[in-house]
Structure formats: structure tokens, C-alpha cells
There are 2 protein chains.
Amino acid sequence: MAEALSNLSRKEQVIRKAAELFKEKGYSAASMRDLAQKLGIEAASLYSHIKSKEEILRTLCFDMATDFRASLSEVEKKKVTASEKLRLGIIGHVQVMARDLTASAVFMNEHRHLSQPYLRDFLLLRINYINRFKTIIEDGISSGDFRKDIDTKLSVMTLFSSLNWMPAWFSPDSTIEPEKLGQQLADMLINGLKQNR
Amino acid sequence: MAEALSNLSRKEQVIRKAAELFKEKGYSAASMRDLAQKLGIEAASLYSHIKSKEEILRTLCFDMATDFRASLSEVEKKKVTASEKLRLGIIGHVQVMARDLTASAVFMNEHRHLSQPYLRDFLLLRINYINRFKTIIEDGISSGDFRKDIDTKLSVMTLFSSLNWMPAWFSPDSTIEPEKLGQQLADMLINGLKQNR
DNA sequence: AAGCAAAACTAACAACTGTTAGTGGAAGAA
DNA sequence: TTCTTCCACTAACAGTTGTTAGTTTTGCTT
């Protein structure tokens with residue numbers, strides 16, 4: 001079973017290059033011949049490593065989903081105030097993204113090209129994740145941590161919109177570390193732009 | 001030249017259907033035969049109305065860009081505080097989006113499939129628009145309207161991320177009107193989630 | 001040296017891509 | 001009627017798509 005390792009390693013090499021390509025051109029516009037060229041092989045050779053183009057997309061999307069959920073589960077365990085929990089949740093999300101910005105971008109923008117039933121499964125995972133954040137915000141409102149007049153649905157969508165576009169504009173050679181960035185983002189969303197009196 | 005009108009009307013019908021299709025499937029995955037089918041005609045017949053597939057995308061992207069810029073120009077004229085200007089800018093942006101959510105989604109997600117030199121032009125328009133918002137925020141910091149410790153680049157990217165995902169989740173049959181939504185969004189970004197004190 | 005598995009190759013497929021050329025019908029204007 | 005304009009059609013093009021079958025090369029392990 002030593003072949004499993006080297007196989008995985010080469011397979012992962014293919015998947016990583018695919019992620020770059022899918023991010024750059026989008027899933028549909030990226031052809032298997034493009035991908036092969038990036039790896040210096042023929043298109044048909046890809047199929048020694050993967051079953052299909054969509055299998056690559058599935059792997060990318062569901063692996064990221066797993067990481068996001070694991071991060072949130074850690075945060076939910078902690079016994080802290082809602083606003084602190086939200087802060088930690090945001091930082092965790094940013095850190096997972098930063099660990100693989102390329103896959104994150106694909107996860108975000110290309111998941112819609114999954115076919116059924118995978119698309120359905122993916123969307124269910126996603127809505128569950130979002131709802132868990134929504135619960136944190138609702139708890140925060142109950143406890144007086146957050147304002148009572150905010151619309152939780154709007155808040156949570158705004159939150160994810162902000163988070164999810166990060167891969168598009170965050171460059172890894174930036175001086176700012178992901179955790180710092182997460183902190184700032186959380187601060188901005190929680191406290192707003194306005195001077196507090 | 002009376003034909004220009006009726007031609008335009010039919011052409012616009014094609015473009016609107018194309019926008020729906022591009023939003024649904026993405027530009028690359030949407031074929032001209034798909035589009036033709038939606039209109040109940042043959043694919044080749046489309047070329048009586050448009051020059052190419054990309055011409056449709058160009059029209060959608062640049063028409064939206066024009067509307068966004070016009071809205072912001074109106075706001076910039078007003079003599080109000082920076083935070084008020086930001087609020088108005090956000091509301092304006094949301095209203096332009098709400099006027100055509102489908103085109104907005106295409107504008108946002110599919111513009112990268114423009115070929116050169118149109119892509120370059122588009123991105124220049126976009127960065128100019130963003131920078132004008134950034135200026136408003138900087139003015140707000142100088143005047144003491146906004147906190148001095150915020151990162152303007154991060155703020156403005158967060159702002160646009162929040163705004164731009166609206167077409168993805170806002171449904172036109174929602175009870176909330178666009179202006180109200182813009183108000184709430186602006187309020188959330190400016191004041192944050194947290195209870196003041 | 002022999003064997004084995006991983007990973008590449010060539011050749012080809014059926015389906016689909018955007019687009020052009022040329023044609024014809026329908027409707028209103030002259 | 002005849003002319004014109006719009007709008008659709010059929011047929012076909014050259015190129016690209018994901019994928020397969022079958023074969024050969026490569027490099028390690030015995």
C-alpha cells in the first residue's frame with residue numbers, strides 16, 4: 001500500500017494545479033488540455049490520476065467544507081460571550097481560507113458547477129454552516145451583546161459576503177497575517193466604522 | 001431609422017434572456033444554443049440581433065458600470081458629512097443593483113470573461129469607482145466621523161464584498177424595498193452589530 | 001535481471017462550441 | 001403591387017470539449 005501515498009501525492013499535485021486553473025479561468029472555461037499543459041503532460045494522462053473533471057471540483061469543494069465545519073465546531077465548544085464567539089468564528093473562517101486561498105476561491109465561486117446530487121449536498125452543508133453563525137448572532141441579541149434592532153438574516157449574509165470575497169483580493173505576500181486580518185475584519189463588522197462617541 | 005427602435009427592442013430582449021442564462025450557468029457554461037432555446041428560436045438566428053456572444057457580455061457589464069458611476073456622481077455633489085455621504089453612496093449602489101439584479105449578478109461574476117482590451121477598460125472603471133468610495137472614507141477619518149484606527153483598504157473591500165453579493169441572495173419578491181435594504185446595510189457597516197455602550 | 005506498478009503516451013470518439021452564408025417569409029410603406 | 005426591413009430558417013464550417021482504449025516508458029523492489 002505504499003503506492004497509495006505516492007499516488008495520492010501525484011493526484012494532489014494534479015488537484016492543486018487544477019485549483020489554480022479553475023480560480024483563474026473558472027471551471028467551465030478551464031479545459032482538461034489546459035490543465036495537462038500546466039503539468040507538462042497530455043490531457044489523456046490526467047485520467048491515470050482522476051476519474052473526471054468534476055471529481056476534482058468535488059474534492060476541492062468538499063474538502064474545504066470539511067475544514068470550515070471543523071473550525072466552527074471548535075469555536076462552538078468554548079464558553080464565551082456571543083460577541084467573542086462571533087469574533088473567534090470569523091477569525092477561524094479567515095484562517096481556514098488563508099490556509100488555501102486558491103481552493104477557497106474555487107469553493108466559493110465554482111461550486112455551482114457541481115452536478116446533482118453533489119450540488120444539493122454541498123448547499124445543505126453550506127446552509128447549515130451559515131445557520132450556526134446566525135444562531136451565534138441571535139444569542140448575542142438575546143444576551144444584550146448585540147443591538148436588538150438588527151436583521152439577523154441581513155447581518156449573516158453581510159458577514160459571509162465580506163468573508164467570502166477575501167480570496168479575490170487578499171494576496172498571500174501581503175504583510176498582514178491571516179489572524180490579524182481576521183481580527184480586523186471581526187472588529188469592523190462588530191464595531192462598525194463609526195467613532196464610538 | 002425607425003428600424004433602430006424595434007431592432008433595439010428585440011435585441012434587448014435577447015440581452016435580457018442572456019443575462020438570466022449567464023447568471024444561472026455562468027458565461028462559459030451558457031451556450032448560444034441554450035440562449036436560442038430560451039427564446040424559442042435557432043442559435044443562428046441570434047446573429048440577426050447581436051454580433052457575438054461577447055458583445056452581449058460587454059453590453060451587460062458596461063451598461064451597469066455606467067449606472068453605478070452616475071449614481072455615485074450624484075452623491076459626490078452633495079454637501080453633507082462623510083458618514084452621510086457614505087450612507088447615500090451605499091443606498092445608491094443598492095438601488096442601481098436592485099433595478100436589475102440579473103444584470104448586476106452578471107456584472108459582478110462574469111466580467112472576467114471579457115477579452116482584452118475590454119477587460120482592462122472595465123477594471124479601470126471599477127478601480128476608479130472603488131477609489132472614490134475610499135476617498136469618502138478617508139475624508140470621514142480626517143473629519144473625525146470615522147475611527148482613526150480603521151484600515152481604509154480593508155474597509156472598502158469589505159464594503160464592496162457586502163454590497164456585491166446582494167444579487168446572489170436578495171429576492172425581488174422580498175417584502176423589503178431596496179432603499180430600506182440599503183439603509184439597513186449602511187447602518188450595519190457604519191455602526192456595527194454591537195450595542196453602543 | 002526480472003517483475004511490477006505508476007504514470008506517461010498515441011489515436012481516436014462523439015458531442016458540442018461560436019459563427020457564417022445564404023434563403024425565405026411576414027409586415028408595413030411606397 | 002413592389003420594395004424594404006426585420007426576423008427567422010437550414011446547412012454547414014472548423015475547432016474544442018471530456019473521455020476511452022490500448023500501449024509504452026519509467027523507476028523502484030526483489
Side-chain angles (χ1 to χ4, degrees), chain A residues 1-22 24-61 106 110-116 118-119, chain B residues 1-22 24-61 106 110-116 118-119:
Chain A
M1 301 296 147
E3 84 266 19
L5 267 174
S6 98
N7 182 17
L8 211 95
S9 141
R10 184 54 170 160
K11 183 172 180 175
E12 268 184 1
Q13 217 171 316
V14 170
I15 291 174
R16 284 194 65 79
K17 281 280 179 208
E20 289 172 25
L21 192 66
F22 291 172
E24 254 175 60
K25 311 183 77 173
Y27 177 77
S28 288
S31 79
M32 296 304 270
R33 283 167 182 84
D34 288 341
L35 176 55
Q37 197 178 22
K38 267 201 144 197
L39 289 156
I41 61 178
E42 291 297 315
S45 309
L46 292 167
Y47 291 83
S48 303
H49 309 290
I50 49 124
K51 287 200 199 63
S52 68
K53 185 185 181 186
E54 206 195 317
E55 187 206 36
I56 304 178
L57 183 61
R58 274 203 301 271
T59 305
L60 288 167
C61 288
V106 174
E110 310 300 331
H111 69 257
R112 63 167 155 176
H113 294 108
L114 289 168
S115 65
Q116 299 292 9
Y118 304 102
L119 180 58
Chain B
M1 301 294 151
E3 83 266 22
L5 266 174
S6 99
N7 182 19
L8 211 95
S9 140
R10 184 53 169 162
K11 183 172 182 176
E12 267 183 3
Q13 216 171 317
V14 170
I15 291 175
R16 286 195 64 81
K17 280 279 179 210
E20 289 173 24
L21 192 66
F22 292 171
E24 254 175 58
K25 312 185 79 174
Y27 177 78
S28 287
S31 79
M32 295 304 270
R33 282 166 181 84
D34 289 340
L35 176 55
Q37 197 178 21
K38 267 202 143 195
L39 288 156
I41 61 177
E42 291 297 314
S45 309
L46 292 167
Y47 292 83
S48 303
H49 308 289
I50 49 124
K51 286 199 199 63
S52 68
K53 186 185 181 188
E54 206 195 315
E55 187 205 38
I56 303 178
L57 183 60
R58 274 204 300 271
T59 304
L60 288 167
C61 288
V106 173
E110 311 299 332
H111 69 257
R112 63 168 154 175
H113 294 108
L114 289 169
S115 66
Q116 299 291 9
Y118 305 101
L119 180 58

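Keep in mind that the numbers below use all heavy atoms, side chains included, and drop hydrogens, waters and symmetry copies. Everything quoted here is computed from the prediction, not taken from an experiment. Lettering of chains follows the sequences in order, A, B, ..., and the numbering in each one begins at 1.
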Over how many whole Å does the gap from [X] atom [atom1] to [N] atom [atom2] extend?
X: R10(A); N: dA5(C); atom1: CZ; atom2: C1'; result: 16 Å
X: L46(A); N: dA6(C); atom1: CG; atom2: P; result: 17 Å
X: K11(B); N: dT5(D); atom1: NZ; atom2: C1'; result: 16 Å
X: L35(B); N: dT17(C); atom1: CG; atom2: P; result: 12 Å
X: K38(B); N: dA8(D); atom1: NZ; atom2: C1'; result: 20 Å
X: Q37(A); N: dA8(C); atom1: CD; atom2: P; result: 15 Å

Between protein and nucleic acid, restricted to nucleotides 25-27 of chain D and to nitrogen or oxygen atoms under 3.5 Å apart, what atom pairs and distances do you find?
none

>> Run the salt bridge (Lys or Arg N to Asp or Glu O under 4.0 Å) test against R112(A) and tell me which residues pass, sequence neighbours left out.
In response: E110(B)
> Which atom names give the shortest non-hydrogen contact between L39(B) and Q13(B), and what distance separates them?
Replying inline: CD2-O, 4.3 Å
> Do you know which two heavy atoms are closest between D34(A) and A29(A), and how far apart they sit?
Replying inline: OD2-O, 3.9 Å
>> Could you check whether atom CD of E54(A) has more than 12 heavy atoms from other residues, nucleotides or ligands sitting under 6.0 Å from it?
In response: yes
> Once each nucleotide of nucleotides 9-19 of chain D is scored for protein heavy atoms under 4.0 Å, what B/S/- sequence comes out, 5' to 3'?
Replying inline: BBBB----BBB
> What pairs with Y27(A) under ring-ring contact (aromatic ring centres under 6.0 Å, His included), at least two apart in sequence or on another chain?
Replying inline: F22(A), H113(A)
> Partners of E24(B) by side-chain contact (heavy atoms from CB on, under 4.5 Å), sequence neighbours excluded?
Replying inline: K38(B)
>> For E42(A), give me all partners under side chain to side chain donor-acceptor pair (under 3.5 Å), at least two apart in sequence or on another chain.
In response: none
> With side chains defined as the heavy atoms from C-beta onward, is the minimum distance between Q116(A) and L119(A) less than 4.5 Å?
Replying inline: yes
